[in-house]
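Note that the structure is a prediction, hence the values are computed from the model and not measured. We name chains A, B, ... by the order of the sequence lines, and we start the count at 1 in each one.
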Amino acid sequence: MTRVPSKPITAADAYPLIFAVIRRIPRGKVASYAQIAYAAGLPGRARMVGRALADAGGAGPKLPWHRVINAQGRIALPRSSEAYVEQKSRLIAEGVLFEGDRVSFTRYGWKRGSAPVLD
DNA sequence: TTCCTGACAATGC
DNA sequence: AGCATTGCCAGGA
């Protein structure tokens with residue numbers, strides 16, 4: 001049979017998976033791009049998660065895109081952009097506090113299936 | 001098809 | 001704690 005080396009993952013295939021994962025992030029929690037990619041069965045495709053959100057561009061109101069931040073705990077957008085302010089305020093509104101310009105994964109990181117951190 | 005870009009990330013200094 | 005480098009992978013020109 002005509003052999004196919006590996007399945008080239010296209011946006012059409014991946015986006016639904018990615019969005020599905022993002023929709024599972026609980027309110028008041030955050031997840032990194034890499035974490036979402038992994039959970040969506042796309043390990044190593046962190047950049048694709050970013051692309052998916054960029055393409056969505058707020059097109060999916062149901063999507064809690066603001067709960068997605070980079071591995072450094074920072075918002076992956078220019079400080080000067082509108083989206084940055086929007087994302088930060090949304091997070092704060094959910095009780096996610098910033099330490100300077102970053103969020104603590106230890107406190108707000110989404111750990112699938114684990115109990116909330118009560119400190 | 002090559003080259004450049006990007007809501008990323010791990011590593012090294 | 002930053003900053004630069006390198007790896008990564010899909011899109012778009």
Side-chain angles (χ1 to χ4, degrees):
Chain A
M1 53 168 43
T2 58
R3 188 182 51 75
V4 179
S6 65
K7 181 165 69 169
I9 301 173
T10 65
D13 294 317
Y15 285 14
L17 298 173
I18 292 170
F19 294 145
V21 172
I22 293 177
R23 271 190 284 270
R24 293 210 297 276
I25 306 173
R27 202 164 173 290
K29 292 288 185 178
V30 295
S32 73
Y33 293 85
Q35 182 183 356
I36 290 163
Y38 192 88
L42 305 167
R45 277 58 170 186
R47 304 192 84 141
M48 190 170 210
V49 173
R51 261 209 74 67
L53 291 178
D55 284 356
K62 292 290 248 174
L63 204 63
W65 58 272
H66 56 283
R67 299 186 189 137
V68 187
I69 60 182
N70 66 28
Q72 299 174 28
R74 291 199 180 83
I75 290 173
L77 289 165
R79 298 282 300 279
S80 56
S81 70
E82 289 293 328
Y84 179 95
V85 178
E86 171 74 7
Q87 182 166 11
K88 184 168 182 177
S89 58
R90 283 195 185 204
L91 286 174
I92 291 174
E94 295 188 352
V96 177
L97 304 183
F98 280 71
E99 299 165 15
D101 65 336
R102 31 155 82 172
V103 171
S104 167
F105 271 104
T106 304
R107 287 160 63 190
Y108 306 108
W110 173 43
K111 288 143 181 103
R112 297 194 295 163
S114 78
V117 180
L118 298 182
D119 231 59

J.: Applying side-chain contact (heavy atoms from CB on, under 4.5 Å), run through A:S104 and A:F98 and close with a yes or a no.
T.: CA-CA 8 Å; A:S104 167; A:F98 280 71; over 6 Å; no
J.: Looking at side-chain heavy atoms only, is the closest gap between A:V103 and A:E99 below 4.5 Å?
T.: no
J.: If we ignore hydrogens and angles and just use 3.5 Å, is the side chain of A:Q87 paired with the main-chain N or O of A:V68 as donor and acceptor?
T.: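 Such a contact is found between A:Q87 side chain and A:V68 backbone.
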J.: Where do A:I75 and A:K88 land on the side-chain contact (heavy atoms from CB on, under 4.5 Å) test, with the steps shown first?
T.: CA-CA 8 Å; A:I75 290 173; A:K88 184 168 182 177; 3.8 Å; yes
J.: What's the OH-C1' distance between A:Y38 and B:dA10, to the nearest Å?
T.: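 Atom-to-atom, A:Y38 to B:dA10, this comes out as 16 Å.
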J.: Please give, in whole Å, the distance from C:dA10 P to A:D55 CG?
T.: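 Between P of C:dA10 and CG of A:D55: 14 Å.
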J.: Scan nucleotides 11-13 of chain B against the protein and return all N/O pairs shorter than 3.5 Å with their distances rounded to 0.1 Å.
T.:
none

J.: Write down the atom of A:P26, the atom of A:R67, and the distance for their closest heavy-atom approach.
T.: O-CD, 3.5 Å
J.: Could you check how far CD1 of A:I18 sits from P of C:dG11, rounded to whole Å?
T.: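 Distance, rounded to whole Å: 10 Å.
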J.: Nearest-Å distance, CD (A:Q72) to C1' (B:dA10)?
T.: 11 Å
J.: Atom CD1 of A:I25 to atom P of B:dA7: distance rounded to whole Å?
T.: 18 Å
J.: Separation of A:Y33 atom OH from B:dA10 atom P, in whole Å?
T.: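 Those two atoms, OH and P, are 14 Å apart.
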J.: Specify the residues of residues 40-52 of chain A, ordered by number, for which at least one heavy atom lies under 4.0 angstrom from an atom of DNA chain B.
T.: A:A46, A:R47, A:G50
J.: Taking the side chain as every heavy atom from C-beta outward, state whether A:K29 and A:E94 have any atom pair closer than 4.5 Å.
T.: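 No. Closest side-chain heavy atoms not under 4.5 Å.
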J.: For A:E86 and A:R90: C-alpha separation, side-chain torsions, deciding distance, then whether salt bridge (charged side-chain N to carboxylate O under 4.0 Å, His left out) applies.
T.: CA-CA 6 Å; A:E86 171 74 7; A:R90 283 195 185 204; 2.7 Å; yes
J.: Just N and O in the side chain of A:S32: are any of them under 4.0 Å from OP1 or OP2 of B:dC8?
T.: no
J.: Between the side chain of A:R23 and the main-chain N/O of A:V21, is any donor-acceptor distance below 3.5 Å?
T.: no
J.: What is the distance from CG of A:L77 to P of B:dG6, rounded to the nearest Å?
T.: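 My rounded result for the distance is 13 Å.
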J.: Could you give the CG-to-P distance, from A:N70 to C:dC3, as a whole number of Å?
T.: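 About 14 Å, once rounded to whole Å.
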J.: Quick one about A:N70 and A:Y33 (side-chain donor to acceptor, distance below 3.5 Å, no hydrogens or angles considered), yes or no?
T.: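 The criterion, which ignores hydrogens and geometry beyond distance, is not satisfied for A:N70 and A:Y33.
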